[in-house]
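In what follows, a structure is listed as structure tokens, so that the remarks can point back to it.
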Amino acid sequence: MKHFLSSLLSIGFLSSALLADEPKQEDYYTITHLKAPEGAVIEGGGIELLPDGRVAVCTRRGEIWMLENPGAADGKAAKWSLFTNQLHEPLSIAYRDGWLYAVQRAELTRMKDTDGDGRANVYETVTDGWGSSINYHEYNFGTRFDDEGNLYTVLCLTGSSGKATNPFRGWSMRIDKDGTLHPWTSGIRSPGGIGFNKTKDVFYTDNQGLWNGSSSLKWLKEGSFQGNPNGNVWYELANKMTDGKFGPEPVFPPTGNDGVLLTEAMKNIEQLVPPAVVFPHKRIGNSPTGIETDHSTGKFGPFAGQVFVGEQTHSKIHRVFLEKVGEFYQGAVFPFMDGFRTGNIAVRISENGQLYTNGSNRGWGARGGKLFAMERVDWTGKTPFEIHEMRAKPDGFTLTFTKPVDPASVSEDTFSMEAFTYLYQKSYGSPEVEAVTPKVTVASIADDGKSLRLSVEPMTLGHVHALKVDGLTAKETKETLLNPEAYYTLNTIASE
Amino acid sequence: MRRHLFIPLACLGLVPALNAKPDDAAIERGKAVYQSCIACHGPDGKGVKAGTLEMAPTLHGSYYLKSEKGYKALTALLLKGILKEDQKYVQAMLSLEAALDDQQIADLIAYVTSEFGGVPQAASAKTVAAHRASLKNVTSPYKRRNLTEMQMAENAPKLLSNTSYKLYRGKFEELPNFSQLTPIREGKFANDIISLKPFESFKEPFGLVVEADLTIPRDGSFRFRLTSDDGSALAINGETVVGNDGIHAEKTATLSEDLSEGHHTLKLLYFDAGGNRKLALGVNGPGLAGSIPIYLTDAKPAGKKEKSSNYDPIVLKPASPDAAMVQRTYFSDAGKNLPRAFAIALPGDQSVIWSAETLNVEALGKGGYLDASPHWNGRGSASKWIAEKKTGIFGGMALQTLATLDASWNELPTDSIAFAKDEPEPKEILTYSHLHPDFQFLGYSVDAKDFPTFRYEYKGSVITDSFGVAGDLKSPHIRRTVTFEKALPEDTFFRVSSEPVTPKEQANTFGTKSAITLVVEGGEVSNRPAGDALARIDGSQPLIIDYIWK
């Protein structure tokens with residue numbers, strides 16, 4: 001896979017014949033720049049799709065912009081207008097019943113334009129029940145509404161040192177339809193986004209750092225503890241708010257300098273939920289962000305129902321396959337697209353299959369070196385040859401593909417795997433530890449060529465299983481995989 | 001998908017430069033110079049004992065005698081001396097700058113590097129003179145760490161080879177697809193040092209593509225620092241690793257990349273759209289020079305941290321002179337932190353800081369509104385309130401029903417909780433404020449010119465608090481109108497000032513200690529012994545407060 005800049009960089013180093021054989025991202029998915037008006041600095045924030053076809057974008061500078069004609073083939077046809085510039089670093093927006101809801105620093109606010117001049121003039125506080133200080137690090141992200149009208153937020157810890165100096169720093173909160181704030185989970189470190197999977201369970205992304213060995217996509221199971229204990233100071237308050245129903249504070253994780261494995265820590269910490277999918281630091285990205293499920297039922301390509309996650313540092317979007325095995329979610333992250341102009345923060349897919357992403361590289365550098373950008377991804381209609389799903393089996397994985405594979409291209413070297421995990425420790429991040437090189441063999445290939453069973457020995461509980469595919473081709477087109485790698489986090493050994 | 005490219009080793013100039021051996025005469029002369037060193041370092045270079053201490057360290061095994069590529073650090077320490085950083089040695093290395101001339105230092109270097117197990121250096125007086133000149137501004141002895149880094153930098157491997165460029169004519173807003181353009185000039189950089197100097201005479205906007213082979217000495221994580229004006233991007237092995245694109249003033253982007261030992265391709269893209277030009281690239285990492293970056297360009301990347309004082313101000317103002325502006329932000333001004341603040345600009349170059357915590361005016365200003373640059377740069381610290389005149393006497397909760405007239409005025413309630421970061425046993429007390437239970441902020445609306453009306457609930461009554469201007473059109477003053485949905489409990493007061501006020505001759509007019517005169521209608525104002533000034537309100541009529549600058 002080569003994005004735009006890389007493609008031009010490759011020229012001169014590679015023969016054109018070699019390039020021709022290589023599947024290219026732009027053959028399947030194109031990136032269209034929706035350029036900001038002259039002088040405007042639109043550092044996204046969240047993206048919402050409005051019923052009238054407009055796209056709303058909130059920004060780190062406190063604005064919401066409206067984008068008319070966002071889906072036109074020519075990005076220049078999209079027209080921007082300012083809806084408000086009166087918010088405080090809103091990072092998520094959601095629409096309901098004529099109101100736009102914005103998760104700001106200090107509150108969830110809803111707003112509308114009642115005088116028809118295109119600018120919001122009424123702002124209502126839905127809840128201001130979480131704490132807020134003047135520390136820049138207290139970022140908040142929110143979901144859209146679930147079927148019951150709940151909106152969920154994740155509240156970043158205070159400061160990069162990771163304290164929780166006001167309620168409910170380091171927590172996820174649920175705001176119900178009447179605006180009441182309820183504690184939802186503890187253990188948050190530094191979120192980059194929050195959203196739902198296809199069954200409307202809530203997930204967020206947390207960034208590598210203190211008590212967090214590598215970045216990951218995490219399941220916000222109600223009442224769970226996500227791993228960073230410094231927000232646990234608010235358990236007392238959470239129980240006061242819920243008449244004691246929230247539950248006891250988790251056992252404090254081991255504080256030794258050597259760290260422990262998460263699988264070990266989970267034996268003593270009942271509420272600890274493991275990351276659903278670890279995004280191995282530096283291997284796939286450094287800083288995951290917005291979460292979006294593809295509800296376009298095939299209009300965005302072959303990945304309906306899967307989860308797409310932004311990546312700020314590497315200016316990418318990942319694709320995630322999730323499955324619930326036993327008590328927990330687990331699954332695989334695949335590279336999906338790269339070459340975006342800035343550090344991707346929000347990701348939003350419309351029902352007609354257009355993906356919008358925006359972001360900023362301010363304060364945190366990104367490979368796409370633009371200060372900010374809004375971009376749209378369109379599926380060209382051509383199906384890329386990709387691993388579609390990676391499902392855990394007791395003794396290996398089942399891979400499904402977007403196109404039938406050519407059995408003749410499979411040899412004993414086609415699939416290889418490394419497995420490793422990270423330390424759960426108070427210090428920043430973790431090296432990859434407990435490396436294992438499992439033996440991978442192809443047990444069977446389905447008659448239709450669309451799936452393939454891998455035997456993997458051993459399957460290591462709690463480990464990321466990094467799969468590499470070399471030389472596999474599609475039966476009809478003889479193309480190789482657009483993205484020949486996957487990282488599966490094995491939280492539970494499947495029983496079947 | 002990373003490609004590995006294999007380039008024949010011979011292309012890359014990997015063979016280190018060989019040091020010429022010093023001749024015997026130089027060593028002999030150097031031995032004579034060394035006689036002034038033996039009191040501390042000893043005739044055998046092993047150091048002289050002084051009780052349990054040593055006068056000076058042994059020279060055998062010294063890192064500074066083992067430079068592979070030069071003797072700058074050794075010259076530097078001889079010229080300037082070494083700071084005494086521990087109690088192990090009696091003496092500090094003294095500065096010999098005045099005592100020895102260039103030839104004597106060259107001879108001394110030849111002697112000590114040959115005699116005491118170093119890499120023998122045929123030092124020349126000319127090179128010593130050049131080092132002496134380049135270090136002329138150094139006026140104090142070196143720390144060992146600085147010397148070590150100096151030597152590491154000098155001995156750092158040459159990272160680039162086959163460094164060539166292609167120059168493109170054109171005015172770009174962002175890095176174009178250079179492969180579709182035709183270069184107007186191609187060339188190579190002298191000594192593989194990337195530079196904009198060859199294009200100084202080219203006065204038009206341009207684009208530049210630099211290609212080079214990159215040799216990495218050791219596996220590890222390498223930190224690249226790319227400063228440019230305007231846009232630039234760095235790609236290694238065809239993958240962009242640092243982006244710094246777009247039209248901008250000098251700006252630095254930094255990213256780390258894991259690289260394996262051996263050969264890589266480097267591509268640096270740049271464009272200048274007019275104005276100042278800069279292109280600077282540095283890297284540090286394993287096998288290089290410690291924390292000192294190796295510069296791949298003749299210009300140096302900007303320093304580690306952007307300073308907020310360096311931001312160009314972003315001064316906000318209302319859309320028109322008769323309009324207001326509302327900004328929601330956090331504030332830290334005059335020692336008070338306001339996380340839920342509104343900054344309101346009003347005609348007459350006036351501003352109001354209103355808090356959604358106290359539901360009250362916290363401060364008033366005149367002459368300048370907000371500089372958003374601290375908030376809109378970097379990671380976003382608090383905006384700067386840049387009013388020339390500021391007064392902040394209106395704090396505390398907006399209103400209160402008093403049980404007795406001398407009851408204390410409500411502030412934000414605080415709570416404490418025991419806490420320890422990263423530890424189960426609490427170590428410190430964390431005190432935090434929370435919102436007052438008698439009040440609930442409901443939001444606000446703005447009119448067509450963005451004048452705000454805040455809404456909140458107090459004991460079941462919705463109260464609005466609007467800000468506008470009144471009086472002389474050329475120099476209007478702030479008018480605040482507070483309305484009450486229904487009757488308030490008896491003995492409810494509105495706090496007009498946290499300090500006593502002085503009644504003036506005109507009706508309802510009060511002087512304050514600050515630069516503001518108050519005119520209060522709709523509530524009788526009295527000072528309390530506690531030291532504040534309250535207006536009695538019953539909810540039957542609006543309370544109108546004019547804030548007039550003296």
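Chain A is the first sequence line, chain B the second, and so forth, proteins listed ahead of strands; every chain is numbered from 1. Hydrogens, waters and symmetry mates are skipped; everything else that's a heavy atom, side chains included, is used. Please read all numbers here as calculations on a predicted model, not as lab measurements.
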Inset, instruction - Let me know if B:Phe342 has heavy atoms under 4.5 Å from chain A in its side chain, its backbone, both or neither. - result: neither

Legend entry - Salt-bridge criterion met for B:Glu174 and A:Arg341 (N-O under 4.0 Å): yes

Legend entry - Shortest non-hydrogen contact between B:Ile417 and A:Val233, atoms and distance: CD1-O, 3.2 Å

Legend entry - Contacting moiety of B:Ala356, where chain A heavy atoms sit under 4.5 Å: neither

Legend entry - Side chain, backbone, both or neither of B:His434 within contact of chain A (heavy atoms, under 4.5 Å): neither

Inset, instruction - Kindly indicate, with the supporting measurements, whether the criterion side-chain contact (heavy atoms from CB on, under 4.5 Å) is fulfilled by B:Val242 and A:Arg367. - result: CA-CA 5 Å; B:Val242 190; A:Arg367 286 181 175 177; over 6 Å; no

Legend entry - Which portion of A:Thr84 sits near chain B, non-hydrogen atoms under 4.5 angstrom: neither

Legend entry - Considering all heavy atoms, the nearest A:Ile134-B:Ser332 contact: CD1-CB, 3.5 Å

Inset, instruction - Tell me, yes or no, whether the heavy-atom count around B:Glu457 atom CD, taken from other residues, nucleotides or ligands under 6.0 Å, exceeds 12. - result: yes

Legend entry - Region of A:Asn361 in contact with chain B, defined by heavy-atom distances below 4.5 Å: side chain

Inset, instruction - Check each atom of A:Gln104 against the heavy atoms of chain B and say whether the ones under 4.5 Å are side chain, backbone, both or neither. - result: side chain

Legend entry - Backbone N/O of A:Asn85 and side chain of B:Gln327: donor-acceptor pair under 3.5 Å: yes

Legend entry - Rounded distance (nearest 0.5 Å) linking atom CD of B:Gln440 with atom OG1 of A:Thr125: 7.0 Å

Legend entry - By side-chain hydrogen bond (donor to acceptor under 3.5 Å, both in side chains) - contacts of B:Asp447 (at least two apart): none

Legend entry - Top of A:Thr165, A:Asn166, A:Asn232, A:Val41 for chain B proximity - count of heavy-atom pairs under 4.5 angstrom: A:Thr165

Inset, instruction - Give a yes or no on whether the backbone of A:Ala106 and the side-chain of B:Arg340 come within a donor-acceptor separation of less than 3.5 Å. - result: yes

Legend entry - Check: A:Glu124 and B:Tyr444 side chains under 4.5 Å, non-hydrogen atoms: no

Legend entry - Minimum side-chain heavy-atom gap A:Tyr123-B:Arg455 below 4.5 Å: no

Inset, instruction - Please look at B:Leu338 and chain A and tell me whether the side chain, the backbone, both or neither of the residue comes under 4.5 angstrom of a heavy atom of that chain. - result: backbone

Inset, instruction - Measure distances from B:Ala372 to the heavy atoms of chain A and classify the residue's part below 4.5 Å as side chain, backbone, both or neither. - result: neither

Legend entry - Region of B:Ile314 in contact with chain A, defined by heavy-atom distances below 4.5 Å: side chain

Inset, instruction - To the nearest 0.5 Å, tell me how far A:Leu371 CG sits from B:Asp245 CG. - result: 11.5 Å

Inset, instruction - Output the distance between atom CG (A:Leu157) and atom NZ (B:Lys421), rounded to the nearest 0.5 Å. - result: 9.0 Å

Legend entry - Side-chain touch B:Thr329/A:Arg105, heavy atoms, less than 4.5 angstrom: no

Inset, instruction - Could I get the full list of side-chain hydrogen bond (donor to acceptor under 3.5 Å, both in side chains) partners for A:Arg61, not counting sequence neighbours? - result: none

Legend entry - Beyond-backbone contact of B:Glu239 with A:His314, side-chain heavy atoms, under 4.5 angstrom: no

Legend entry - Steps toward ring-ring contact (aromatic ring centres under 6.0 Å, His included) verdict (A:Trp234, B:Tyr432): CA-CA 12 Å; A:Trp234 304 117; B:Tyr432 63 99; 4.7 Å; yes

Inset, instruction - Would you indicate whether the side-chain heavy atoms of B:Asn337 and A:Ser133 approach each other to under 4.5 Å? - result: no

Inset, instruction - Heavy-atom distances under 4.5 Å only: say whether A:Glu249 touches chain B with side chain, backbone, both or neither. - result: neither

Inset, instruction - Search all heavy atoms of A:Thr255 against all heavy atoms of B:Pro424 and return the closest pair with its distance. - result: CG2-CD, 3.9 Å

Inset, instruction - Would you mind reporting whether A:Trp211 and B:Asp422 have side-chain heavy atoms less than 4.5 Å apart? - result: yes

Legend entry - A:Arg362 (side chain) donor-acceptor with B:Trp376 (main chain) under 3.5 angstrom: yes

Legend entry - Positive for side-chain contact (heavy atoms from CB on, under 4.5 Å) with B:Val446, one of A:Asp115, A:Val122, A:Asn121: A:Asn121

Legend entry - Contact origin within B:Leu442 toward chain A - heavy atom pairs under 4.5 Å: backbone

Inset, instruction - Check whether more than 12 heavy atoms from other residues, nucleotides or ligands sit under 6.0 Å from atom CG of A:Asn257, and answer yes or no. - result: no

Legend entry - Test item: B:Arg328 side-chain N/O and A:Gln86 main-chain N/O as donor-acceptor pair under 3.5 Å: no

Legend entry - Main-chain N/O of A:Lys282 paired with B:Asp258 side-chain donor or acceptor, under 3.5 Å: no

Inset, instruction - Show the numbers, then the answer: is there a side-chain contact (heavy atoms from CB on, under 4.5 Å) between A:Tyr136 and B:His375? - result: CA-CA 9 Å; A:Tyr136 78 87; B:His375 193 45; over 6 Å; no

Legend entry - Distance in Å, A:Asp338 CG paired with B:Thr240 OG1, rounded so as to fall on 0.5 Å steps: 8.0 Å

Inset, instruction - Measure distances from A:Lys112 to the heavy atoms of chain B and classify the residue's part below 4.5 Å as side chain, backbone, both or neither. - result: neither

Legend entry - A:Lys35, NZ atom: more than 12 neighbouring heavy atoms under 6.0 Å: no

Legend entry - B:Glu428/A:Lys163 salt bridge by N-O under 4.0 Å criterion: yes

Legend entry - Side chain proximity check, A:Asn230 to B:Glu423, heavy atoms < 4.5 angstrom: no

Inset, instruction - Please tell me if the side chains of B:His248 and A:Lys370 come closer than 4.5 Å, counting only heavy atoms from C-beta onward. - result: no

Inset, instruction - Please say whether more than 12 non-hydrogen atoms of neighbouring residues, nucleotides or ligands are located less than 6.0 Å from CG in A:Asp470. - result: no

